[in-house]
Amino acid sequence: MQAVKYARATSVDEAVQMLRDGGDVARVLAGGTDVIVLARERRRDIDLFVDIKHIPDLIGIDYQAGQGLTLGAATPLYEVYNHPDVKAHYPALVEASHVIGGTAIQGRASLGGNLANSSPAADGIPAMIALGGTAHIAGPNGRRDVPIAEFCTAPGRNVLETGEFIVSLSFPDPAANSGSAWERFIPRNEMDIAVTNAGVYLALDGDTVADARVAIGAVAPTPLLVPAAAEALIGKPLTDETIEAAAEAARQAANPITDMRGTADQRRHLAGVLVKRVLNKAAARARGDE
Amino acid sequence: MVATPEKPNTDKPAYKVVGTRPVRPDGVDKVTGRAEYGADIKLEGMLYGAVLRSPHAHARIKRIDTSKAEALPGVKAVATHADFPKQESGSLDLGEGSANPLWLVENVLAGSKVLYHGHAVAAVAATDLHIAEDALALIEVEYEVLPFVIDVREAMLPNAPILLDDLRTNVRAKGVDTPKDVPTNIALHMRLEKGDIEQGFADADVVIEREYTTAQAHQGYIEPQNGTAFWNRDGQLTIWCSTQGIFSVRSQCATLLGLPESQVRVIPKEIGGGFGGKLTVYLEPIAAVLSKKSHRPVKMWMPRADIIRATGPTSATHNRVKIGVKRDGTITAAEVNLAYAAGAYPGSPVGAGALCALAPYDIANQRIDGFDVVTNTPKTQAYRAPGAPASEHAVEATLDELAEQLDMDPMELRLKNAAHEGGTNSAGQPWPRIGATAVMEAIKNHPHYTSELHGEDTGRGVALGFWFNGGMESSSSATVNSDGTVSLILGSVDIGGSRASLAMQLAETLGLTLDEVHPHIVDTDSVGWTGVTGGSRTTFAGGWVAYDLGEEIKKRVVERAARMWDVETDVVSYADGVITGPPDADNNPRSMTFKEIAKQLQRTGGLIAVSATSRRNTQGAAFAGHIVDLHVDRETGKVEILRYTAIQDVGTAIHPSYVEGQLQGGVAQGVGMALNEEYYYDDEGHVVNASLLDYRMPVANDLPMIDTQLVEVPNPGHPYGVRGVGEAPIVPPAPAIRNAIYDAIGVRMYDMPMSPRRILEELGPQNGSAS
Amino acid sequence: MTTDERIVVTATINGEERTWLSSSRDSLLEALRERIGLTGAKEGCNNGNCGACSVLMDGRLVNSCLVMAAECEGANITTVEGLAEGDELHPLQTAFLEEAALQCGICTPGFLISSKALLDWKPNPSEEEIRFWLAGNLCRCTGYDKIIRAVEKAAEEMRS
């Protein structure tokens, strides 16, 4: 473990101040499940943890019909997947947050942390992109909002500037007759980093796709929104052919590498498999079959 | 030739304690967090040690400068290879396998070269763990990076990078010439041969030849290696550690440190899993040197990444099997060629692999060649049935293909060729009573085997497994206390319930309850020499000693009662904890319970204390047979285990729950090896998946319940019929799964692990990748 | 390299208020084991993948290797040492003993704490739910079979 110090912030302004004073070697600590490992293994130069989870704005879940969902960025995953409104309206978030790490990780880890860690294989990010989420950021120059689809810039890198952190995440209220779903492929049945993952949001108008967002992960330097996959669906009936077209768009968008967790071919193939599976699942939800 | 089936002998004597399922004596401490494992120790003035490791797979060490580390406040000692005395070539017994001190000391802290990524280079002791880690970063090491070789077959090529300049091939194969006197990575070429192999293949109607690879897999015990040492100023060294063998640690440390064994005391702490991986020393000698230099106790334990990179996995192997059969299923000849990667220093388990490969079968004409090959990977160590899973996998997989070609039931083919009493093994030694046929019959008749399998892309597979089991030496002593309880003093560490299984055998012998026998595990100064807890030997050999102790106590109790009653000893008897003599002068019956006579021992000639040593080699072999049902997802290549049954000849199950547990644990490790576990090396020879996230051992929802059937064929070489059970069950899972995958999707897998990626690749574009 | 700070932390551990001196870089696991002397929670991997260090923090299941000691100021921590009440073992502890759900025992404290968190949340879990919940706790000895049975048995015991 690096020679880190610890400071607890109780307000957003205090946290901004601490992070600004700490400079590049100050890091936000929420659930700590990624950042503590980074510091322990000396993979990043960190000498100050600013604990933000005691800031009231950072914890909590608020859903308003017609408005949507706001999550405090440090809200632990287990609160997310156990929340009745999240379960009712954002099943993709439930599916992703339920399998990030083991149960003990979920007692601490948060979707804000998952996003800020910006791993290409992050399980939460494709779900959040598919649901059209926005990250609300605070920093020395005030507040700003960034679409989650544009948040990550490279493996472990993102739009946050020195002193900035994510305060909350918000998601629009899903349309009527819509559904979302998320799935990943891992060699075991739990506790693995995704070889590939995929999240979708789908709204139907009768048999026709009124709206769609498709996102895939672990197939590029950042999780990807795949507009071509949505275009293959929107305005068309949801059939095996249109689903296959969306899957093909996902395979085309994928630009994976080969590493210990999977080969490039395997990942590209799985992107197609998973997109088909989550589209079918989301469609069933949109139709009220599930 | 058809073997005469040996009928399972189910007429077990009526035992009172043996065969019951009591709560283990060390149980409460282990569920309340009180049990002290190696890293739980805290001593006054204790320092924390940490190890600097090689970032290269192969390099010459040109210079080590520790001065900056030594200057860091809080650092009390730094150690390198130079702190150890020079070693001579020799052999230290590790229980399962052996170690050459010349190489062992190099593995503990590298001398002139580092031979694998993670090889220990220097160590530090400091007042705080964090400071020790900081100090590591201040040690400067200058390396000359050398070409490296990871793959066993590449390491055998004439132009391969050479790891050890002095290594020459030891040829133990009749008819093979001694190779030229040039450096090589092939440490050993051994051969087992019987019959006339050419004639055997000529007599065959069908001959097939297949090649298989298996990956390096780690034992994966959850408790990290650890060692705490205190080197007193009078030269007495005390070591606390989690090991499978306290006497083995004593002899390794005494040798590496140049101390007489009598000056080294090893105190066992509870051990959190070993599976063969905790027989050799890593940290103990380093902690000792750091303690000698700092005059303070030093505690060390390994980070998980170091455990994966620098302690012994099992060998990666490349094997070839050729088998010939007649149309009726009789195997006429078998040829096996095994190449096992030893890691950085010679000593893979290829010898055991060779002896096990064909063991379940009676094959008249056979030849087995084995090669022990050094590679730039961590030195392999024993792992549950060391060497057997790889060689038997190759044979079991090939037999499945033969059964298909002959259109025979795979169990029928095996039964037709089953090893049996009176036959000989691959080394030409005669088999005693063995359970091969009994296990094969049990599989054939098991409701799992005869049930229907439903569903698309589901398959069923079976396979056999064999392991020798160990005998070796165990010592114990026992004291009869004045309240009628008995203390049982043990030198075997308890890795999975041996306190219970050994105390139960003494209680059975004495006719007492388990509550009345108290097992204690003590240090090397407090009990006679005892071999390691390994080789599936502890309940067998320790049980023999417990029985001998019980018989001796009974004899002395009878003598004492005879003296008290003033009668001859031959008219006094002992049964079920009651001593009975002839009626007294008034014709009243005379008897005493064990408790009653215990109370009088002190006044009638003293308490009874006995000790015993057993060195019997009548352990008998273990045969396991497994049935697996699974589903393969054709789109992802992922295997889901649906149902699993493990059948084994266990001799007599002393504590059936722990015997079942051994079978279930072996299955889980075997499934891990079959499906996902492997070392992943990058282009620079680095192990990149050195974490429990990416070294994928099975988690709770990867497995179904694992049914067991204990076939009890009592071992005639043991008073309670005990046979070792722990190792054989890791052997059948991989071939059973491999055979089931074929049944499910028609794909034969030749490389392990059979990961989703490999299965997807085998399925090919039409089924898999193009979807 | 900057030097770490000495910090004083006060937290309730197994119902008792404890104050201890830590390094600012100690994890909760290191503090429990090396500063406080509660060694029931074990280090198996030190990065949240084995569950041997599981403890409850304010009633929530966490990996103590992924909690900084400094974060524990004012927290309520339960370790395996706090599971039994006096001489009375927790039903999970009894079930683990009776079902032979441990071999070497190193993972047992983590499994007990994790299982307690499960049964606190859901008194009647299915086998699938138990396996999923416990997937973050690795056991290399048992193949999980007897652990799952022990949790089922304890759940039944606690419901009656």
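Residue numbering restarts at 1 for every chain, and letters A, B, ... go by the order of the sequence lines. What you see is a predicted model, and the numbers here were worked out from it, not measured in a lab. These numbers come from the heavy atoms of this one structure, side chains and all, not from hydrogens, waters or symmetry mates.
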So with a 6.0 Å cut-off around [atom1] of [X], is the heavy-atom count from everything else above 12?
{"X": "C:Arg159", "atom1": "CZ", "value": "yes"}
{"X": "A:Arg44", "atom1": "CZ", "value": "yes"}
{"X": "A:Asp21", "atom1": "CG", "value": "yes"}

Smallest separation among heavy atoms of [X] and [Y], with atom names:
{"X": "A:Val37", "Y": "C:Leu66", "value": "CG2-CD2, 3.5 Å"}
{"X": "C:Gly48", "Y": "A:Ile105", "value": "O-CD1, 3.8 Å"}
{"X": "A:Thr103", "Y": "C:Trp133", "value": "OG1-O, 2.6 Å"}
{"X": "A:Met1", "Y": "C:Met68", "value": "CE-SD, 4.1 Å"}
{"X": "C:Ser27", "Y": "A:Arg40", "value": "CB-NH2, 3.5 Å"}

(request) Show your reasoning for whether side chain to side chain contact (heavy atoms under 4.5 Å, CB included) applies to C:Leu61 and A:Tyr78. (result) CA-CA 10 Å; C:Leu61 181 66; A:Tyr78 89 101; over 6 Å; no

(message) Within this structure, what is the OG-OH distance for the pair C:Ser22 and A:Tyr6, rounded to the nearest 0.5 Å?
(response)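 If I round to the nearest 0.5 Å, the distance is 12.5 Å.
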
(message) Please classify the contact of A:Asn82 with chain C as side chain, backbone, both or neither, using a heavy-atom distance under 4.5 Å.
(response)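 A:Asn82 touches chain C through side-chain heavy atoms alone.
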
(request) Please state whether the side chain, the backbone, both or neither of A:Glu41 comes within less than 4.5 Å of a heavy atom of chain C. (result)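 Interface part for A:Glu41: side chain.
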
[Y] and [X], any side-chain heavy atoms less than 4.5 Å apart:
{"X": "A:Glu79", "Y": "C:Arg60", "answer": "yes"}
{"X": "C:Glu71", "Y": "A:Ile36", "answer": "yes"}
{"X": "A:Met191", "Y": "C:Asn137", "answer": "no"}

(request) Please answer whether the main-chain N or O of C:Val62 pairs with a side-chain N or O of A:Arg108 as donor and acceptor at a distance below 3.5 Å. (result)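 Absent.
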
(request) For the pair C:Glu73 and A:Arg8, find out whether any cationic side-chain nitrogen is under 4.0 Å from an anionic carboxylate oxygen. (result)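 Answer for the salt bridge query: no.
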
(message) Heavy-atom pairs under 4.5 Å with chain A: which of C:Asn46, C:Asp26, C:Ile7 has the most?
(response)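 Of the candidates given, the most pairs with chain A belong to C:Asn46.
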
(request) Heavy-atom distances under 4.5 Å only: say whether C:Val67 touches chain A with side chain, backbone, both or neither. (result)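 Both parts, backbone and side chain.
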
(message) Please identify, among A:Asp51, A:Val35, A:Leu29, the residue contributing the most non-hydrogen atom pairs under 4.5 Å to chain C.
(response)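 Among A:Asp51, A:Val35, A:Leu29, the one with the most close pairs to chain C is A:Leu29.
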
